[in-house]
Amino acid sequence: MDIFLQQVINGLVLGSVYALVALGYTMVYGILGLINFAHGDVVMVGAFTGLALLKALLAAGTGLPIALAGAALGAVLACGLLGVAIERIAYRPLRHAPRLAPLITAIGVSILIQYVAAILWSKQYLALPAAFTPATWQIGGASVTDLQVLIVLLAGVLMAALLWLIHGTKLGCAMRATEQNAEVAGLMGINTNRVIAATFLIGSALAALAGIMVLLYYGVAHYFMGFMLGLKAFTAAVLGGIGSVPGAMLGGLMLGLIESLASGYIGDFTGGVFGSNYRDVFAFIVLILVLVLRPAGLLGKAQGERA
Amino acid sequence: MPSDAQPVRSAVRTGSAPYSIRAGHSSQHSGLIAAAVLTFAVISGCSREEPKPAASAGPVEVVARIGLAAPLTGPQAHTGEDIRNGVQLAIDDINAAAVTIGGARLRLELLAEDDEANPTKATTVAQSLVDRKVAAVVGHFNSGASIPASRIYSEAGVPQISPASTNPKYTEQGFKTTFRVVANDNQQGPALARFALERMGAKAIAVIDDSTPYGEGLADTFAAAASAAGAKVLVREHTSDKDTDFKAVLTLIKGKRPDLIMFGGVDPQAGPMVKQMVELGIKARFAGGDAIRTTNFIKLAGDAAAEGVHASMPGLPKEQMPGGQQFFDKFQARFGKPVELFAPMGYDAVYVFVEAMKRANSTDPAKFLPEVANTHYNGVIGPIAFDEKGDLKDGPLTVYEVKAGEWQAVETITTATPAAVAPAADAGTTSSASAASSAPTVPAAPPAAPGTGAAPAAKPAASGPSAAPTTSTK
């Protein structure tokens, strides 16, 4: 039982990170109908800038909480700007091009960001400064660290804030209008370019925070770390119903839990034939089943193809 | 054999990515493939840019090109750089020493290539070295790179000495050109297992690998030897060499309550793994192979979590290498940084080639290759001689432990070359035999005759590495 509880905790933490990243995919898809493949790499940039700032601040003698807050703020700013720049440079000129063109530029931007990061921060696995030793609590036989609690809580707060922003503010209203029909929204006096830029800004800021979480949780940063994370988060967004914000949250948490429980129990259930390295296979089987039964995803609205 | 399946498996994996996209958008994707092909064409074009005329035997000077292939970029770049520096140092020393071959003065040239620790890139690099008519190759670092590349060197008749690849499969392909100057995993895995059981008191063990030829090979031989010697292997798990999240696997392992976790893999995974172990409150000890015996591992794991971790590594500890101190001082003076790991092996490998050239009185690989097999050379790392497969005879191994944030040698084990190689298969049947064989602590002179040591107990010798005599020097 304690092992099961531990796996659920592992899954929740992993799922919270997936959910935060998945939001970026789903928001952009909802508004532009574009899969922003560079989003995972924005997470990576968040982790690296966070790490650089953290090292600099700690070296300057700042206390750990302030250094962390400073690093997070700096990463959010850097990634927010990066996200807006990606949209402005790589996607906006192609907004009326065939749908495949922005997809290819998205892949191009992803590779570009990876290798610029490799040049800036080297291709090594960079370690977190030694100052971090999370406090551990025992709950029902399972170990929980303060960092894990922080990740889940912060992810929850951010998601709640995002829902409020979308449903309770003027910007959110404009975002929803742009999502429904960008042209008509433009006719109604909404500056759709600005709304789209804001969407990238918000999505990338969330990605930056996810990057910091991954950095703190695993203690390493690597220029390729965004690729797999991005793929998983994209899967989570599809699982929950791409375009749906609550769907991305649900999909992220589900994917995290499935992966964690699958790696914990596949070995026992199959008598050791398959090990935990098959967890991704298992996660994708669930995805396929969901898509066969509910093609729009768990919370996605079935809708006709838009122009 | 898991080790030989791996390069193929990874090749299939990289190949499958384009296909999965292709299923969705067939027409556009052909464009992408064309672009990729074009890119490869450009890249390979670049690497072949300097086809200088091959070794022109001048009147008084004979030039021999020594190829070096190792990861010079990527997460393992620091180890590749280390080997290259070792090789460079050897080449400088030899060029300064005025060695004469066939009446002409020998001048060595270094051709260093980056294989990115990637099996596919390794074959490209190997072909490029062969095309540029290298006389001999020092490389590669990773078993996953050395194994596919060795076929290319073999077909070209170019002798290859790997300074670091430990997967048994590397020398089991029947190539006459394939050598290594480190103990292989059939020696390393069991030696580490024996140490874990006897010195760390491990009885219930969880074994994880990173699904690479190196990691899986080491973990398999370790698990086989451990269970043959009476320990229980509770869990046999696999992760990947890209992962950093091991919480789920470790939680699974926590539930089985092992007293030792053994990991076959490299430091970028081992570091976070040990850290997560501590966070999950797992009290088991942690041990691994040579690829985690790096300062990077301690950095990634953090001092507290790394403390008490054990790792085996082929070769003697620096202080005990015969040519040790002198070499390390010279290395430090030349490159301004200490030896990381395998520089001495790279250094010795060049000397093995040159000694063979001297004996054959030729820099033609076809002529001096048989002499490489006949090597009896006293190098920095100790006496070097090869068995009929090209493995280092009686390669020593050292077990290290992290103490106060640094790797410190705990025990040196001399391994005799195992007579037969059969890791996982006969694990169950030989438990009694090998238990008996570990009892006599053979004080024997290791280089003299491994054959006589094994003679009274022919059966356990056939069961492989567990029959190796153990000599503790510290």
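Keep in mind that this is a model prediction, so the values were computed, not measured. All chains are named by letter (A, B, ...) in the order of the sequence lines, taking the proteins before the strands, and each is independently numbered beginning at 1.
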task: Kindly indicate whether the side chain of Pro272(B), heavy atoms from C-beta on, has any atom under 4.5 Å from the side chain of Phe246(B).
output: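 Yes - at least one pair of side-chain heavy atoms lies under 4.5 Å apart.
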task: Kindly indicate whether the side chain of Leu103(A), heavy atoms from C-beta on, has any atom under 4.5 Å from the side chain of Arg99(A).
output: no
To the nearest 0.5 Å, what is the distance between [atom1] on [X] and [atom2] on [Y]?
X	Y	atom1	atom2	result
Gln114(A)	Leu112(A)	CD	CG	9.5 Å
Leu250(B)	Ile208(B)	CG	CD1	5.5 Å
Leu255(A)	Leu287(A)	CG	CG	8.5 Å
Asp259(B)	Lys283(B)	CG	NZ	14.0 Å

Taking all atoms of both residues into account, what is the closest heavy-atom pair of [X] and [Y], and its distance?
X	Y	value
Ile113(A)	Ala38(A)	CD1-CB, 4.2 Å
Asp210(B)	Gly265(B)	OD2-CA, 3.4 Å
Val207(B)	Ala223(B)	CG2-CB, 4.2 Å

Any idea which of [options] has the most non-hydrogen atom pairs under 4.5 angstrom with chain A?
options	answer
Leu280(B), Asn296(B), Val249(B)	Leu280(B)
Ala305(B), Ala77(B), Pro268(B)	Pro268(B)
Leu252(B), Asp303(B), Thr251(B)	Thr251(B)
His78(B), Lys242(B), Glu279(B), Lys254(B)	Glu279(B)

query: Is the count of non-hydrogen atoms from other residues, nucleotides or ligands lying under 6.0 Å from Phe282(A) atom CZ greater than 12?
result: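 No, not enclosed.
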message: Would you say NZ of Lys55(A) has more than 12 non-hydrogen atoms from neighbouring residues, nucleotides or ligands within 6.0 angstrom?
response: yes
What part of [X] gets within 4.5 angstrom of chain A, counting heavy atoms only: side chain, backbone, both, or neither?
X	answer
Asp245(B)	both
Glu237(B)	side chain
Lys275(B)	side chain
Asp267(B)	neither
Gln269(B)	side chain
Thr244(B)	both

- request: Could you look at Leu261(A) and say if it's the side chain, the backbone, both or neither that has a heavy atom under 4.5 Å from chain B?
  value: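 Leu261(A) has no heavy atom closer than 4.5 Å to chain B.
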- prompt: Which bit of Ser260(A) is near chain B, if near means a heavy-atom gap under 4.5 Å: side chain, backbone, both or neither?
  reply: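 Contact with chain B involves both backbone and side-chain atoms of Ser260(A).
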Arg236(B) with Asp220(B): basic N within carboxylate O range, under 4.0 Å: yes
Inter-chain contacts: residues 220-232 of chain A against chain B, heavy atoms under 4.5 Å: Val220(A), His222(A)
